[in-house]
Amino acid sequence: GETARFDGNQNLKLFDGNLIVASGHGIDFSATSNGSGTSINELLSDYEQGNFTPVLKGGSSVGSASYFHRTGYYTKIGDIVQISLVIAATNFTGTGNFIVGGLPFTTGSGSVDSLFTMQWNAINWSGPTAEKQTIIPMIYQTSNTTLAFRASDYRANTAFSQVQCAGGNASVTYLRITGTYRVGTT
């Protein structure tokens, strides 16, 4: 039977199957340019959903961990990636800056200072004491696949500084992060 047809209004109707666009091309929305800002691109050229495996790392010494749960999911639309991840581990031996690696795409220059939402329980990291800490996961380097963590003692009104691994065999009882960042050239 019929799978596609142009109707009388110049609309393409698909009755079955998918629309497949050649690599490097996409759907052009330039006919609807109506934003108040300066348009950079109106071509939707990429969409993808998938899984990734987040990993705990130390900035000075990567270390290792015994994971009992770690999952990551992403949706990429154009050059924007939405991620959510959960990590639970024991015996984390990394030293230096506390980092979560394994993001599904390399960060681009527009990702610097991308902020994420985080929920955690009983993580051994060094920095301000637990009742005083404001900890923010963020991307602060381009061309990377990692999240860094900045902390501040809000009661002392201190500047944000890099969160450090606690050292030894630290536990990450529960760490959940969700957020959006911009990738490099697509």
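All values reported here derive from a predicted model rather than from experimental measurement. Positions are given from 1 along the sequence.
No chain of hydrophobic side-chain contacts below 4.5 Å, direct or via other Ile, Leu, Val, Met, Phe, Trp or Tyr residues, connects F105 to Y73. Residues M118 and L103 share a single hydrophobic cluster, defined by chaining ILVMFWY side chains whose heavy atoms lie under 4.5 Å apart. V100 and Y67 fall within the same hydrophobic cluster, defined by Ile, Leu, Val, Met, Phe, Trp and Tyr side-chain heavy atoms under 4.5 Å apart, directly or through other members. F149 is not connected to I99 by any chain of hydrophobic side-chain contacts under 4.5 Å among Ile, Leu, Val, Met, Phe, Trp and Tyr, and they are in different clusters.
Hydrophobic cluster membership for F15: none, as no Ile, Leu, Val, Met, Phe, Trp or Tyr side chain comes under 4.5 Å of it.
Across all non-hydrogen atoms, the minimal contact from N91 to S66 is ND2-OG, 3.5 Å. Among all heavy-atom pairs drawn from L14 and A4, the shortest one is CD2-CB, 3.7 Å. Closest approach of I83 to V81, counting heavy atoms only: CG2-CG1, 3.7 Å. Nearest heavy-atom pair, L44 versus F29, reported as atom, atom and distance to 0.1 Å: CB-CE1, 3.8 Å. Contact detail for C165 and G94: the closest heavy-atom pair is CB-O, 3.2 Å.
Separation of atoms CG (L12) and CD (Q10) is listed at 10.5 Å; rounding is to 0.5 Å. Interatomic distance, OG1 of T117 versus CZ of R176, reported as 11.5 Å (0.5 Å rounding). Note: Q119 CD to L175 CG = 9.5 Å, rounded to the nearest 0.5 Å. Separating the CH2 atom in W120 from the CD1 atom in I87 is a distance of 14.5 Å, to the nearest 0.5 Å. Here CD1 of I177 is found 13.0 Å from CE of M138. Values are rounded to the nearest 0.5 Å. Here CG of L147 is found 10.5 Å from CZ of F98. Values are rounded to the nearest 0.5 Å.
Using a 4.5 Å cut-off on side-chain heavy atoms (C-beta onward), R150 and Q162 make contact. Within the 4.5 Å cutoff, the side chain of E48 has heavy atoms near those of the Y74 side chain.
Judged purely by distance below 3.5 Å, without hydrogens or angles, the side chains of T178 and Q82 pair a donor atom with an acceptor atom.
A donor-acceptor pair under 3.5 Å links the side-chain atoms of T107 to the main chain of N144, judged by distance alone. Here the side chain of N9 pairs no donor or acceptor atom with the backbone of N11 at under 3.5 angstrom.
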Would you be so kind as to tabulate the donor-acceptor pairs closer than 3.5 Å made by side chains of residues 49-61, with sequence neighbours excluded?
unit_1 : atom_1 : unit_2 : atom_2 : d
Q49    : NE2    : Y47    : OH     : 3.2

